[in-house]
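What you see below is based on every heavy atom in this structure, not just the backbone, and it leaves out hydrogens, waters and symmetry mates. Chain naming here is simple, since letters A, B, ... match the order of the sequence lines and numbering starts at 1 in each.
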Amino acid sequence: MDLYGELILEHSKRPVHAGLRDGFDAEVHHVNPTCGDEVTLRVHLDRAGDEPVLQDLSYDALGCSISTAATSMLAEESVGRPVRETLATYRGIHAMLMSKGADPGDPEVIGDAVALAGVARYPARVKCALLGWSAYLDALARAGVDISGMRP
Amino acid sequence: MDLYGELILEHSKRPVHAGLRDGFDAEVHHVNPTCGDEVTLRVHLDRAGDEPVLQDLSYDALGCSISTAATSMLAEESVGRPVRETLATYRGIHAMLMSKGADPGDPEVIGDAVALAGVARYPARVKCALLGWSAYLDALARAGVDISGMRP
Amino acid sequence: MPALTAGESARIRADFPILSRTVRGGAPLVYLDSGATSQKPLAVLDAERDFYLRHNAAVHRGAHQLAEEATEAFEGARGRIARFVGAQPDEVVFTKNGTEAINLVAYAMSNAGAPGALDGADPEVARRLQVGPGDEIVVTEMEHHANLVPWQELCRRTGATLRWVGVTDDGYLEDPRSVIGPATKLVAFTHVSNVLGTVVDVADLVSAAREVGVLTLLDACQSVPHQPVDVTALDVDFLVFTGHKVLGPSGVGVLWARPELLAAMPPFLTGGSMIEIVHMERSTFAPPPQRFEAGVPVAAQAVGLAAACDYLDTVGMERVAAHDHALMGYTLEQLAQRPWVRVLGPSDPAHRVGAVAFTVEGVHPHDVGQVLDDQGIAVRTGHHCAWPLHRRLRVPASTRASFGVYTTTAEVDAFLVALDRVPQIFGVSA
Amino acid sequence: MPALTAGESARIRADFPILSRTVRGGAPLVYLDSGATSQKPLAVLDAERDFYLRHNAAVHRGAHQLAEEATEAFEGARGRIARFVGAQPDEVVFTKNGTEAINLVAYAMSNAGAPGALDGADPEVARRLQVGPGDEIVVTEMEHHANLVPWQELCRRTGATLRWVGVTDDGYLEDPRSVIGPATKLVAFTHVSNVLGTVVDVADLVSAAREVGVLTLLDACQSVPHQPVDVTALDVDFLVFTGHKVLGPSGVGVLWARPELLAAMPPFLTGGSMIEIVHMERSTFAPPPQRFEAGVPVAAQAVGLAAACDYLDTVGMERVAAHDHALMGYTLEQLAQRPWVRVLGPSDPAHRVGAVAFTVEGVHPHDVGQVLDDQGIAVRTGHHCAWPLHRRLRVPASTRASFGVYTTTAEVDAFLVALDRVPQIFGVSA
Ligand SMILES: Cc1ncc(COP(=O)(O)O)c(C=O)c1O
Ligand SMILES: Cc1ncc(COP(=O)(O)O)c(C=O)c1O
C-alpha cells in the first residue's frame, strides 16, 4: 500500500489549518455525491496590495484520508501566498492527478502534495483528492476573484 | 403462395353479409393497432326460443384479405344459427389458428374457414384472422350473452 | 462521393452473419426492414461481450479496479458517440431508446411546473422550459408516434395545446410559419420521415422557430443511420436518436441538448447516481448528464453503440449516404415503371433517405408484405407508427422497404421480382 | 437445503470467465460487489448474442419471419421471467432497470391526475391510484435512493406528503403502524436492504397496509438474486426487480403488478407500440403490458434475463439461498472476532441476505476499500445509494462486501486476510 505514505496519514490525522474561522470573504460547501465526502471551506483574502493574497483558508472536512490530506496540503501550501501562485499549485496538482501515473509532480510547485502522486492510478479517488481544491476555486469565484481559465 | 387460396380471395373480394344493417342488439368497433385493420360489427339476436339465435351479423371491415375473408366466413357460417353453435365454430377456428400448422381444421365444424389453416404458420397474421371473431364475441357480451369460458 | 463498390458491399455483409440465413423454407433472407431496426455487425456484438467478460461492474458506483474500468468504458463511449454527431460528451444523455429520450424532454418540461423544480436555474432558460395553458407545442403531421404522443400527453398534463404543420399530397411539410407563433414553446419535428423518407428542411423550421425565439427538438432516429449528422450545423436545441437503428444494440438511445438547457432542466427519472445530496425530506441533484441517468446505466449497450460509430466512421458516413442515395434512386426508378404501384412521398430521390413506402392498387399492404415475406423479402407493413400520416395520405396502411449500409442493388432486384407476383396472385391488373 | 459443494461452486465459477482475471498488478480478482451488479454467466451472453445473430428484428412491429421469431423470443422471455417470480406473463412489464420500474408507478400515479387519464378505468381502482394534497406516501428509512427519490418527486408533483418508517440501531424497521394510516395511498419498501442485508418482514407491512386498504410496492432488487421470490405468497400490489443484479444483462428491469392495477393505470412513457388508435388530436392506448412498453423494447436483454432465470433455476433458488446463508453466517462469525470492525445491521444471520456493510474504527470506509482493492478484493465503499440510512446509523459511509451465487468461502477468507492489514496501515489498534 504505497498509496498511504507517511505524509498522507500525517496530514489526514492532523490536518493543517483545520477548523472554521471567522472573518472570511466566502464560504462554500462541497460534497462528493458518490461517496458522501463533504467539505465546508472559507477563504479570507487580503486585497490591500497589487494582487489578492490568501490571508486565511479555514475548513471542516469529513472524508477519507485522501480528501482530508489533500485539503490539509492545500491549506498548508496556500495560506499567506498570492492567489495567483496558489492557482499555479492547483494546475500542477491537477496535471499530476490526471496523468494516470506519468507525472510524479514537482515538489517545488506543489509541495507535500507530491505524496498524492499515487492517487493518479486510481481514477475513482482523483475526485477525493480534488474535493478541497474544487471547493477552494469555487470560494475564490464567489469572493469575486477571476479564476477563468483555471479549471482545466 | 398457398396461403391465398381461391376461397380466401373470393371472400375478401365479395364478403358475405357485408354492410351495416339496422335492428341490432349491439355494435362494436375493433382495431388491430399494429397494422390499423378495423372492423365495425353488429349482432342482432333472436331470443324467442330456448336459446339465443344469431338472426343477423352485419359489418364493415377495412383490412387485409385475411381479416376480411375471416370476417366474411364468420358471417356466412354463423348467421341464422344458435349462438352456442357459433361458439363451437369459434373454438374450432381458434384451435386451428393456434396450432402452428398441426391442426388443419374440421370443415364439418368450421366450414370455409379451413381455408385459413395456412395462417397458423404466420403468428403475426393470426390476429388478422381473429379480428372479426374477437369483435363478434365482444358484441355478444355487450348484447348480454354469457360468453364466459369462450375465450380460450 | 461514390456509392459502395460490390467488393466493399460484400466485405460489409460478411460482418453481419444474420444476412446469410434463410427464411420460409429455404429462401435467402433479403432484409429490407432496417427502418424498423438495423442488424448488428460482429464488432458491435464483440464489444458488448468483451465489456461483460472483462470489465463488467456498476459504473460510477465503485472505486475498485473493475468499477474504474467499467466507468472508463462507459464514459469513453459517451465521448465517442458525442463525436459521432459533433457534440461534447457532457451534452449527451443515455436513455433506453429514442422514445425515452423524447419523453425525457416532455417530462422535464411538465416537471418544470412543480414547486421548486427550477430553483437555481437561469431564469431566462427556466422560462423557456415552462409550459401551461395558452402555450402551444408544435409537431408535424408526419411524425412517428414517438414524437407525437409524448407531446399530446405533455399537453394533457399541462393544459397546453398541440398544433401541427401539415403534409402535402406529395409528402413535404406545409409552411411552418402558419403554425409556429408567439404562443409556441417548442417545435418538435423529424429529420427524416420513417415512412416517406422525406428529408425535412431543418434550416427552415429552425429559422421559423428562431424568429419567435422558441425551442426546437429534432427526431434524428431516421437520419443518423444514413447520413452525417452534426448538431452544431443543424442548430437545433435538442436532438434524439436511437442505438438499434444505427447498427447498435437495443436498449440504448441518445438525447443531445444544449448545455444550458440540460443545466436548467429538472430531472425526469430519479433514483441512484443522479443525486447530489439525499435526505428523507428532500434531495438535490447532480449536474448533467448524470442528473438524467438514474439507476445503473446501460453501460454495455453504450459500449456497443460506440463500436457501431467506429464501424460506420470506418466506412465513412459520406459514403453511407452515397450508398443510400444510389439504392433510393434505383428503387424509385424501378417502381416508377410499375403503374400499379403508388409510391408515397417525394418522387425526387434527392429529397429522400432510407425508406420507400408504397401501396398496390386493389391489394391490402398486409397482403403485399405477406407475398414478399413468403419469398424471403422482409419488409414492414402497416402504419409504421405514423398513423396520422397514413390518414392524411388517404391510405389505411402501406408496405415499406427500407435500407441499411449492408443493403445491395441485388436485394432491391430480388424485392422487385417478388413484388411482381402480387398482381397475379390477387388478380389485379399489372 | 444444503449449501453448494466445492465441486458445484467450481463448476459455477467456470461459467463466469471474468472471475479468473487479475487486477492491480496480478492479484486474483475477488469480486465481492454483486450487490452493485452481478457478473453474467456465458449462457446469458450466448443467449443475447444468439438473438442478435439469428433472430434480430423489431418485435411487435412486423409480420415477416424474423419479426415473428424476435417477437416469440421476447414474449417467451416475458413468460419465463414471470414464472421465475410466480407471475403471469401479462402482469410483467419490461423497463430498463429497477429505477425505471419504480418511476413508472410513481409517474402513473401522478399522471392519473391529468384530465381524462382514468377514463374507462374501474372507478374503485382509479381512486386508489390518485394522489393529491393530504395524501401520504410511506417509505422506510432504509430505502435505496431508487425507492425514495421517485416518491419525493411524486409528492412534489402532486402536493402529497412523504412519511417514513424509521430504522432501529440494529437495522430493523420500527413499527410501521405508527406511520401507515388512513391518509396513506401507497407503502413502498424494500424486501432486503442493499446495505444491511436486513430481510424485511413483508407480511407485517402488507398487513399494516391492508388494514387501511392501501397499495404496497416491494423493491425486490436485492432479494430476487438471492432467494426464491413469489408474488402470490408476498401478496404485494407491485414488485420491482432489476436484471443486472440477477445474472442478467444491463438494460432490463421488471415491474410486476396486479392485473387490475395495470389495467387501470395511465401510461408513463408514450410513443410507438403502446397505442391503440392515434389521431393528431388524441390517442388511445393498448392494454397492458404493451401500454407500458413504448418504443422498440429491450428484446435482447429480456432474452438474456430469461437465460439467467434458467441458469438460477438449474442451480435451484433454494440452494442459492442456502449458499448465501452459509456465506453470511461465516462472514459475520469471522468479523465478530475483530473488535475493531463494526458490522451494520442485524447480527443474526437468519435475518440477513446478500450483503455485509461495516466500518473500521478510526479509518474512513474509502480507505478500507482502497486497501482491499489493492489486494484484489472488490468491495463497494460510500453510502451505497442509501444516504439517509447511513445518517441514521451515524456513519458517513461504509464498506460493503456482497455475495453472488459464484462467491466462495475462500473468497471471504481472502477478504479477511486483506482486511486485517487495515489497522496496521492506518496505525489504529487491532
Ligand atoms: C434495493 C435496490 N433498489 C433499487 C435499485 C436500483 O436498481 P437499478 O440501478 O438497476 O435501477 C438497487 C440497485 O442499484 C437496489 O439495490
Ligand atoms: C422517426 C422515428 N422516431 C422515433 C423512433 C423511436 O425509436 P425507438 O423505438 O428506438 O424508441 C423511431 C423508430 O421506431 C423512428 O423511426
Side-chain angles (χ1 to χ4, degrees), chain C residues 17-18 23-24 33 36-37 39-40 45 49 52-54 56-58 61-66 96-100 103 114-115 141 144-146 149-150 152-153 156-157 164 244 250-251 269-272 275 278-280 282-283 294-296 298-301 369 373 378 380-381 385 387-388, chain D residues 17-18 23-24 33 36-37 39-40 45 49 52-54 56-58 61-66 96-100 103 114-115 141 144-146 149-150 152-153 156-157 164 244 250-251 269-272 275 278-280 282-283 294-296 298-301 369 373 378 380-381 385 387-388:
Chain C
I18 198 171
V23 289
R24 301 293 180 214
D33 198 17
T37 199
Q39 298 303 338
K40 329 298 175 199
L45 304 184
R49 193 180 176 92
Y52 283 129
L53 284 178
R54 305 207 296 142
N56 180 59
R61 290 195 181 180
H64 55 78
Q65 184 175 341
L66 282 194
K96 70 172 172 182
N97 55 23
T99 303
E100 186 197 334
N103 276 272
E141 210 175 357
H144 188 281
H145 296 161
V149 187
Q152 293 178 335
E153 293 297 303
R156 189 208 291 270
R157 292 194 298 273
W164 53 91
H244 67 88
S250 63
L269 298 176
T270 58
I275 55 91
V278 177
H279 291 269
M280 289 309 291
R282 92 207 74 82
S283 305
V296 166
V298 292
Q301 289 77 17
D373 172 43
R380 188 162 163 199
T381 63
C385 301
W387 207 331
Chain D
I18 198 172
V23 290
R24 299 292 179 218
D33 198 17
T37 199
Q39 298 303 339
K40 329 301 176 198
L45 304 184
R49 193 178 175 94
Y52 283 129
L53 283 178
R54 303 209 297 141
N56 179 59
R61 288 195 181 180
H64 56 76
Q65 184 175 339
L66 282 194
K96 72 173 170 182
N97 55 22
T99 303
E100 186 197 335
N103 276 272
E141 210 174 358
H144 188 281
H145 296 161
V149 188
Q152 293 177 335
E153 292 298 302
R156 188 207 293 269
R157 292 194 298 273
W164 53 92
H244 68 87
S250 63
L269 298 176
T270 59
I275 55 91
V278 177
H279 292 268
M280 289 308 291
R282 93 208 72 81
S283 305
V296 167
V298 291
Q301 289 78 13
D373 172 42
R380 189 164 162 197
T381 63
C385 302
W387 206 331

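For the set D:Thr37, D:Val278, D:Val296, the entry with the most heavy-atom pairs within less than 4.5 Å of chain C is D:Val278. Between chain D and the residues C:Pro115, C:Gly369, C:Ala36, the largest count of heavy-atom pairs under 4.5 Å involves C:Pro115. Among D:Ala114, D:Ala57, D:Pro388, the residue making the largest number of heavy-atom pairs under 4.5 Å with chain C is D:Pro388. Comparing C:His145, C:Met280, C:Arg54 by heavy-atom pairs within less than 4.5 Å of chain D, the highest count is held by C:Met280. Among the candidates C:His144, C:Gln65, C:Arg157, C:Glu141, the residue making the largest number of heavy-atom pairs closer than 4.5 Å to chain D is C:Gln65. Comparing C:Pro150, C:Ala146, C:Ser250 by heavy-atom pairs within less than 4.5 Å of chain D, the highest count is held by C:Ser250. Chosen from D:Gly295, D:Ala300, D:Gly98, the residue pairing most often with chain C at heavy-atom distances under 4.5 Å is D:Gly295. Looking only at heavy-atom pairs under 4.5 Å with chain D, the residue among C:Glu153, C:Arg156, C:Glu100, C:Lys40 that has the most is C:Arg156.
Using a 4.5 Å cut-off between heavy atoms, C:Ala299 contacts chain D through its backbone alone, with no side-chain atom that close. Interface remark: C:His279 contributes backbone and side-chain atoms alike to the contact with chain D (heavy atom separation under 4.5 Å).
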### Message
Run the side-chain hydrogen bond (donor to acceptor under 3.5 Å, both in side chains) test on C:Gln39 and D:Asn56 for me, step by step, so that the C-alpha distance in whole Å, both residues' side-chain angles and the decisive distance to 0.1 Å come before the verdict.
### Response
CA-CA 7 Å; C:Gln39 298 303 338; D:Asn56 179 59; 3.0 Å; yes
### Audit row: D:Val298, C:Gln301, side-chain contact (heavy atoms from CB on, under 4.5 Å) steps and yes/no
CA-CA 11 Å; D:Val298 291; C:Gln301 289 77 17; over 6 Å; no
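The heavy-atom pair separating C:Gln152 from D:Ser283 by the smallest distance is OE1-OG, 2.6 Å. Considering all non-hydrogen atoms of both residues, D:Ala63 and C:Arg24 come closest at O-NH2, 3.9 Å. Shown here for D:Leu53 and C:Pro17, the closest heavy-atom pair between the two residues is CD2-CG, 3.7 Å. Across all non-hydrogen atoms, the minimal contact from D:Thr99 to C:Thr270 is CG2-O, 3.2 Å. For the residue pair D:Cys385 and C:Gly272, the shortest heavy atom distance occurs at SG-CA, 4.0 Å. Considering every non-hydrogen atom in both D:Leu269 and C:Lys96, the closest pair reads CD1-CE, 3.6 Å.
Side chains of D:Ile18 and C:Leu66 form a contact here, defined as non-hydrogen atoms less than 4.5 Å apart.
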